[in-house]
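Reviewing the structure listed below.
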Amino acid sequence: MALALPSNDALAVQLELLADLSEILGEDGFRIRAYRTAAARVRETAISVAQLALQGQAKELPGIGRTIEAKIVEAAEQGEIAALAKRRAEVPAEVASFLQLPGVGPRTAARIWRELGVTTTAELRAAAEQGRLRELSGLGATSEAKILAALADRPVGTTPARGLLGRGLPVVREVVAALAAHPAAVRVSEAGSIRRRRETFRDLDVIATATDAAALIAFFVELPGVLQVVAHGDTKATVVTQQGLRLDLRVVPPDCFGSLLQHFTGSKEHNIALREEAVRRGLSVSEYGVAVAESGETRTFETEEELYAFLGYAFIPPELRENAGELEAARGGTLPALVEAGDLRGELHCHSTWSADGKDGIEDMARAARRNGYRFLVVTDHSHYLRDGRLHAQWEEIAEVDRRLRPFRVLRGIEANIKADGSLDVPDDDLAELDWVVASLHTSFDRSPTERVLAAIESPHVDCIGHLTGRRLSRPARAAGAPVDVERVVAAAAATGTALEINAQPDRLDLRDVHARLAGEAGVLVPVTTDAHSVAALAYAELGVAQARRAWLTRDQVLNTRTWAQIARLRR
DNA sequence: GCCGTTTTCGGCCCGACTGTTTTCAGTCG
């Protein structure tokens, strides 16, 4: 029986484990780095890399050459990379998980295993408790205590939960505003992954310049909502808030604020690629400035714009800094003009009290949308709450509110369920009378999700597919979403003129960034929708726009930057 | 292992922190 092709995530896991085991075995560091770079590339590729490798095209991806492509073919054909199988036979299974412990890198993990004969987490705990780790030079009582604390904190092998962008963004903004209002503050900015608007974060980074660094840091660690001060030094501090969010503040010299902001915004991959290209041109880039090898002088930059310009790039918006082609585009002057929050003209997916889980009525939702500066609102209540004549009753209310709020438009939509057999749970006669039809998977995610979505796309009544994979970022079991073949869905959507939404719910952000980019490149129009179940949730549009920007989308590629009249003309 | 406007060979980002090293290796971001 043919094996299902490994997903990109599964391939990346194999390459990362190969890197970890090779490192524990003391192999060449540059080859290990190549495995890790390739793993990151595979994870951030929108289409199946296993499929590409079988076609001999994976080596066209940056960071993947003939050798790693051959390894991916092995994974696709035999289930596992042969070099990985070989190393797994050499290194006891749990030793690689030692790497997750604080202060334990490959050298230390290898010595714990080889010199102490410790091969499992249980043995490691026992060894630490008995004070045997300090027998190794370089390890002392402090290291033992840290390892024991980490073992007690959470089981090895599990990863710590990441916070959602939608939760972190308001917090980091509050902190930036509070710090900026302090008399010692000069410049204050968000940084890190939250500034790049990544869908999840590990910690929230803020950097600042100040006339009195100590005063600003002292103010920071005493902000309301701070539960615990983890670190408090001369130039930086780390606190944990009552909601359990980790916040970092760094106070930096003003003359290199631009370099430091760029450095701490990342991503790591973007910065490494930027620095490697600079090295080839005789420049050494660090967080403090750019050293010119020829003259020996170091240039400093107060703004990111000046730094990028000095290195020969157009300014790169933080959302694009993932080493996904942005450096080449910025050098060649071909960066896209990204969609902005103010470009949205209306809402194409939201709910009212006609849905049992809706909090606000149609008129309240419409008035709130109008206050946002929108010009239309499509009400897409759940189909299963609109049976037994309720659908027509809802249409009457929509028509009434529409008349009352003109020229603002309120339109008849629906969110229909894609059933297990791929059909919709709304009769065609009703669908034909709707202004806008969203079709979504809500159940049986593991039952042929691709075929069901493709069937919905083929329906002449379906305008848009809702939250394509059904992923829920805060639920580990569902964070990956249904195993939808996005490449096929995008092709079908492009062929039929069906839209694929970016659902801006903080827990969804579905399409994910690389898939929305794939859709945009294929010519699919991508609406940014909130799926709001309340007036307040209409504000999630900002998160969806951020996701669209991470997907390189321009205003024209985002469907609801158009008026309703323009959208209606685009319908089939 | 990857890669190329110095190079198909010989490079490969850069700096801070930490613990126990008495001069820096290992780890981390």
Side-chain angles (χ1 to χ4, degrees), chain A residues 15-16 18-20 22-24 26-42 58-72 81 83-84 98-112 133-147 150 191-193 196 201-205 207 230-231 233-236 238 246 248 250 252-253 256 259-260 262-291 293-294 298 307 311-312 323 327-328 331-332:
Chain A
L15 286 165
E16 282 156 1
L18 175 60
D20 285 348
S22 301
E23 205 168 23
I24 288 167
E27 298 176 28
D28 174 60
F30 291 111
R31 194 170 65 215
I32 290 156
R33 203 191 124 177
Y35 293 150
R36 295 225 163 90
T37 305
R41 178 66 57 195
V42 169
K59 57 181 170 296
E60 289 166 23
L61 296 168
I64 297 179
R66 305 182 70 88
T67 310
I68 290 182
E69 177 175 273
K71 287 177 159 48
I72 294 171
I81 297 170
L84 172 59
F98 296 173
L99 297 178
Q100 292 169 18
L101 295 164
V104 179
R107 308 277 181 157
T108 309
R111 295 179 64 209
I112 290 172
L133 294 186
R134 66 189 74 174
E135 291 170 19
L136 299 175
S137 65
L139 288 183
T142 311
S143 303
E144 273 174 353
K146 274 190 173 176
I147 288 170
S193 64
R196 303 198 312 275
F201 62 88
R202 197 197 53 207
D203 51 22
L204 301 170
D205 294 308
I207 82 167
V230 177
D234 295 337
T235 59
K236 65 175 192 177
T238 301
R246 218 177 153 83
D248 263 359
R250 290 165 206 269
V252 304
C256 44
S259 281
L260 281 151
Q262 195 281 329
H263 172 74
F264 286 117
T265 296
S267 65
K268 186 178 165 210
E269 289 74 18
H270 173 87
N271 286 350
I272 289 175
L274 177 91
R275 290 170 178 198
E276 282 178 344
E277 189 173 320
V279 165
R280 290 195 283 275
R281 297 158 54 217
L283 302 170
S284 174
V285 178
S286 81
E287 56 264 57
Y288 300 109
V290 179
E294 204 169 314
T298 295
L307 169 63
L311 294 173
N323 191 28
L327 289 166
E328 295 80 348
R331 191 171 286 293

**Report entry** Non-neighbouring partners of A/E23 that pass side-chain hydrogen bond (donor to acceptor under 3.5 Å, both in side chains), sequence neighbours left out
**Finding:** A/R36
Query - Residues forming a side-chain hydrogen bond (donor to acceptor under 3.5 Å, both in side chains) with A/N271, sequence neighbours excluded - result: A/Q262
Under 4.0 Å between any heavy atoms, over every strand shown, what does [X] touch: base, sugar-phosphate, or nothing? Just pick one.
X      : value
A/L139 : sugar-phosphate
A/I68  : sugar-phosphate
A/K71  : sugar-phosphate
A/F264 : nothing
A/S284 : sugar-phosphate
A/K236 : nothing

Requested in this report: Sequence neighbours left out, what pairs pass side chain to side chain donor-acceptor pair (under 3.5 Å) with at least one residue falling in residues 58-68 of chain A?
Outcome: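 Qualifying pairs, neighbours excluded: A/K59-A/E69.
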Rounded interatomic separation in angstrom, taking [atom1] from [X] and [atom2] from [N]:
X      : N      : atom1 : atom2 : result
A/R33  : B/dC3  : CZ    : C1'   : 11 Å
A/L283 : B/dT5  : CG    : C1'   : 14 Å
A/I81  : B/dG1  : CD1   : P     : 10 Å
A/E276 : B/dG1  : CD    : P     : 18 Å
A/L136 : B/dT20 : CG    : P     : 11 Å
A/E27  : B/dC2  : CD    : C1'   : 17 Å
A/R281 : B/dT6  : CZ    : C1'   : 14 Å
A/R36  : B/dG1  : CZ    : P     : 14 Å

Query raised in the report: Between A/A109 and A/L99, which heavy-atom pair has the shortest distance, and what is it?
Result: CB-CD2, 3.9 Å
Query raised in the report: Do the side-chain N or O atoms of A/Y288 get closer than 4.0 angstrom to the phosphate oxygens (OP1, OP2) of B/dA16?
Result: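 Affirmative; the distance criterion is met.
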Query raised in the report: Roughly how far, to the nearest 0.5 Å, is CZ of A/R33 from CG of A/D28?
Result: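 A/D28 CG to A/R33 CZ: 11.5 Å, rounded to 0.5 Å.
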Query raised in the report: Listed by chain and number, what are the side chain to side chain contact (heavy atoms under 4.5 Å, CB included) partners of A/R111, not counting sequence neighbours?
Result: A/E115, A/L136, A/S137
Query - A/D205: side chain to side chain contact (heavy atoms under 4.5 Å, CB included) partners, not counting sequence neighbours - result: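 A/D205 satisfies side chain to side chain contact (heavy atoms under 4.5 Å, CB included) with A/A191, A/D203, A/D248 only.
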Pairwise [atom1] distance, [M] and [N] [rounded to whole Å]:
N      : M      : atom1 : answer
B/dT20 : B/dT27 : C1'   : 15 Å
B/dC3  : B/dC13 : P     : 14 Å
B/dT7  : B/dC12 : C1'   : 13 Å

Query raised in the report: Which letters describe nucleotides 24-29 of chain B, given B = protein heavy atom under 4.0 Å from base, S = only from sugar-phosphate, - = neither?
Result: --SSS-
**Report entry** Identified pairing partner of B/dT8, criterion: Watson-Crick or G-U wobble below 3.5 Å
**Finding:**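 Base-paired to nothing in any strand shown.
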Report task. Quickly, which of A/L15, A/T37, A/V42 forms a side-chain contact (heavy atoms from CB on, under 4.5 Å) with A/I64? Name it, please. Result -> A/V42
Query raised in the report: If we require ring centres under 5.5 Å and near-parallel planes under 30°, does A/F30 stack on B/dC2?
Result: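 It does not: the two rings, one from A/F30 and one from B/dC2, miss the stacking criterion.
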